K.L.:
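Sharing a structure here in structure tokens format.
Excluded from the calculations below are hydrogen atoms, water molecules and symmetry mates; all remaining heavy atoms, backbone and side chain alike, are included. Everything numeric here is computed off the predicted structure, so don't read it as measured data.
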Amino acid sequence: MLFLDGSDYLNPIPTTAILDGMIKDKIIPPCVAVFLEYSNHRFHEYNCNEQFTAFLANDFMKILRDDNELNITEDPKLSTIVGLSASGLAAFYAALTYPEVFGNVIAQSPSWVLQQTHALETLISNHCQLNQETQFIFEMGSYETIPIDIEFEDDIFDILLNAGFNVWCQ
């Protein structure tokens, strides 16, 4: 599992304790969890940035496997990328563009507003035609505190649901 915005998943979210409990209860298999901290260029890198995403998929994962000798699977069905807000958009984009690396994504309150809706609609459409295997989970609403008025031309939730994406809204 690759967590973007790593420090947010370590503090205040007790992710390691949550993962340990899920493994103990056999909800998920044992896994390697990597918490990648954001850089000073967070909004640029996380805004559907092909160069950053290619780095994650091609270079960073290789560095973790080879240079750090971590036992990380190359099976995309067992690889998950996770993000929240801007990094939720980045995780979503990574799974759309590199499904052969990231076969699962958890996007928590992804910042759709950062990306032009037409570009995302095109990516979603292209992905669905080429790859039916990727599992997408979206979580939105539990702790949303700032109302935002944003709509995709064709309503993003209808697009995602009609394409077979799992959308969890509270």
Side-chain angles (χ1 to χ4, degrees), residues 1-10 13 15-16 18-19 22-23 27-29 31-38 42-43 45-62 64-65 70 72-117 119-144 150 152 156-170:
M1 297 186 80
L2 175 58
F3 292 86
L4 304 177
D5 282 339
S7 63
D8 290 340
Y9 284 101
L10 294 171
I13 303 169
T15 303
T16 56
I18 293 168
L19 291 174
M22 292 175 77
I23 292 167
I27 296 169
I28 63 171
C31 64
V32 174
V34 176
F35 299 87
L36 179 64
E37 188 54 46
Y38 58 85
R42 180 179 185 266
F43 289 109
E45 292 172 347
Y46 287 174
N47 191 9
C48 299
N49 182 307
E50 174 54 35
Q51 184 178 3
F52 176 74
T53 308
F55 164 75
L56 287 179
N58 300 324
D59 301 326
F60 187 66
M61 298 305 288
K62 185 175 175 26
L64 292 174
R65 283 186 196 99
L70 292 176
I72 297 176
T73 183
E74 292 188 37
D75 182 352
K77 292 179 183 175
L78 298 175
S79 295
T80 302
I81 187 165
V82 183
L84 56 93
S85 190
S87 66
L89 175 62
F92 175 67
Y93 182 76
L96 279 178
T97 54
Y98 289 91
E100 70 280 3
V101 177
F102 304 109
N104 303 285
V105 62
I106 300 172
Q108 298 177 298
S109 299
S111 293
W112 307 116
V113 73
L114 293 178
Q115 189 54 231
Q116 292 185 358
T117 58
L120 282 178
E121 288 172 357
T122 301
L123 281 171
I124 293 166
S125 175
N126 290 342
H127 175 83
C128 291
Q129 292 173 10
L130 299 173
N131 187 318
Q132 298 290 322
E133 298 294 317
T134 309
Q135 297 294 311
F136 292 84
I137 297 174
F138 299 93
E139 181 183 20
M140 298 168 242
S142 296
Y143 297 100
E144 303 295 337
I150 179 172
F152 281 68
I156 187 66
F157 297 109
D158 288 341
I159 293 169
L160 294 171
L161 290 171
N162 290 334
F165 290 85
N166 296 320
V167 180
W168 177 21
C169 300
Q170 293 183 338

K.L.:
Quick one: are Ile18 and Met22 in side-chain contact, heavy atoms under 4.5 Å?
P.N.:
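Heavy-atom side-chain distance check passes, below 4.5 Å.
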
K.L.:
Drop me the distance from Ile81's CD1 to Thr53's OG1, to the nearest 0.5 angstrom.
P.N.:
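Separation between the atoms: 7.5 Å.
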
K.L.:
Between the main-chain N or O of Lys77 and the side-chain N or O of Asn104, is there a donor-acceptor pair closer than 3.5 Å?
P.N.:
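Yes.
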
K.L.:
So does Phe52 get a backbone contact from the side chain of Asn49, meaning a donor-acceptor N/O pair under 3.5 Å?
P.N.:
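Such a contact is found between Asn49 side chain and Phe52 backbone.
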
K.L.:
Could you tell me whether the side chains of Ser109 and Ser85 share a donor-acceptor contact shorter than 3.5 Å?
P.N.:
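Looking only at side-chain atoms, Ser85 and Ser109 do not form any donor-acceptor pair under 3.5 Å.
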
K.L.:
Should we count OH of Tyr38 as having more than 12 external heavy atoms under 6.0 Å?
P.N.:
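Check fails, neighbour count at 12 or below.
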
K.L.:
Less than 4.5 Å apart, any side-chain heavy atom of Thr15 and any of Met1?
P.N.:
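The answer is no; the side chains never approach within 4.5 Å.
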
K.L.:
When the ring planes of Phe55 and Phe60 are compared, do they come out parallel, tilted or perpendicular, using 30° and 60° as the limits?
P.N.:
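Taking Phe60 first and then Phe55, their aromatic rings sit tilted (interplane angle of 30° to 60°).
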
K.L.:
Between Phe3 and Leu19, is any pair of side-chain heavy atoms under 4.5 Å apart?
P.N.:
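Touching, per the 4.5 Å side-chain cut-off.
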
K.L.:
The test is side chain to side chain contact (heavy atoms under 4.5 Å, CB included); show your working for Cys48 and Leu89 and say whether it passes.
P.N.:
CA-CA 7 Å; Cys48 299; Leu89 175 62; 3.8 Å; yes

K.L.:
How long is the span from the CG atom in Leu4 to the OH atom in Tyr9, to the nearest 0.5 Å?
P.N.:
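Reported value, rounded in 0.5 Å steps: 8.0 Å.
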
K.L.:
Which pair of non-hydrogen atoms, one from Gly88 and one from Ala107, has the smallest distance, and what is that distance?
P.N.:
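Heavy-atom minimum between the residues: O-CB, 3.6 Å.
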
K.L.:
Taking only residues two or more places apart in sequence, or in another chain, which ones meet Thr73 in a side-chain hydrogen bond (donor to acceptor under 3.5 Å, both in side chains)?
P.N.:
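For Thr73 there are no side-chain hydrogen bond (donor to acceptor under 3.5 Å, both in side chains) partners, ignoring immediate neighbours.
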
K.L.:
Might you point out which heavy atoms bring Ala86 and Arg42 nearest each other, and give the distance in Å?
P.N.:
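Smallest interatomic distance, heavy atoms only, reads CB-NH1, 3.5 Å.
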
K.L.:
To the nearest 0.5 angstrom, please state how far the CG atom of Asp8 sits from the CD atom of Glu37.
P.N.:
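Reported to 0.5 Å precision, the distance equals 7.0 Å.
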
K.L.:
My understanding is that only residues two or more places apart in sequence, or in another chain, count here; which of them pass side-chain hydrogen bond (donor to acceptor under 3.5 Å, both in side chains) with Glu50?
P.N.:
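Glu50: side-chain hydrogen bond (donor to acceptor under 3.5 Å, both in side chains) contacts with Tyr93, Tyr98.
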
K.L.:
Consider side chain to side chain contact (heavy atoms under 4.5 Å, CB included). Of Leu2, Val82, Thr16, Asp5, which one does Phe35 pass it with?
P.N.:
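Running side chain to side chain contact (heavy atoms under 4.5 Å, CB included) over Leu2, Val82, Thr16, Asp5 with Phe35 returns exactly one hit, Thr16.
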
K.L.:
Look up atom CD1 in Ile28 and atom CG in Leu78, then write down how far apart they are to the nearest 0.5 Å.
P.N.:
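Going from CD1 on Ile28 over to CG on Leu78, the span is 11.5 Å.
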
K.L.:
How long is the span from the CG atom in Leu56 to the OG1 atom in Thr97, to the nearest 0.5 Å?
P.N.:
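Going from the CG atom of Leu56 to the OG1 atom of Thr97 covers 9.5 Å.
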
